Amino acid sequence: MGSCVTVLRHGSCVTTVTVTRRDDHADLHGVTAVLVRPDGHIAWATRVTDPAVRRDECRAALTVRAGNPAHGL
């Protein structure tokens, strides 16, 4: 779903999970990536299929919610 490089830049505040199966839910149709807060609420989601655009969106969403990424990674 997300870019490992994007996630790694945010260090220990982010855990990556790959979904291999999900229930069919109309609100999730076409969703390609999701950022879930520790309390279980969805902080950000996208239907973008272009990996470069999705990576940039993910990076921006992580920066808003988790601060600037660690330098040097």
Side-chain angles (χ1 to χ4, degrees):
M1 278 201 163
S3 165
C4 290
V5 173
T6 298
V7 172
L8 287 174
R9 288 183 178 156
H10 283 83
S12 63
C13 66
V14 177
T15 301
T16 302
V17 177
T18 301
V19 176
T20 57
R21 181 177 171 217
R22 65 173 171 82
D23 293 333
D24 189 23
H25 194 285
D27 290 340
L28 296 176
H29 181 73
V31 171
T32 55
V34 178
L35 178 60
V36 181
R37 298 183 335 198
D39 62 3
H41 291 273
I42 295 175
W44 168 84
T46 187
R47 289 183 170 88
V48 171
T49 56
D50 182 299
V53 174
R54 189 171 56 232
R55 181 192 62 237
D56 291 344
E57 283 187 1
C58 182
R59 183 178 293 130
L62 283 168
T63 299
V64 166
R65 286 148 184 92
N68 288 324
H71 298 289
L73 294 176

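Not measured: the values here are computed from a predicted model. Reckoned from all heavy atoms, side chains included, excluding hydrogens, waters and symmetry mates.
- Counting only distance, with no hydrogens or angles, the side chain of Thr32 and the backbone of Val48 share a donor-acceptor pair below 3.5 Å.
- Remark: Thr46 OG1 to Asp56 CG distance equals 11.0 Å, nearest 0.5 Å.
- Val36 places none of its side-chain heavy atoms less than 4.5 Å from the side chain of His41.
- Contact detail for Asp27 and Arg47: the closest heavy-atom pair is O-NH2, 2.8 Å.
- Summarising the geometry, atom CG belonging to Leu35 is positioned 9.5 Å from atom CD1 belonging to Ile42; distances are rounded to the nearest 0.5 Å.
- Heavy-atom minimum distance, Arg54 versus Trp44: O-CH2, 4.3 Å.
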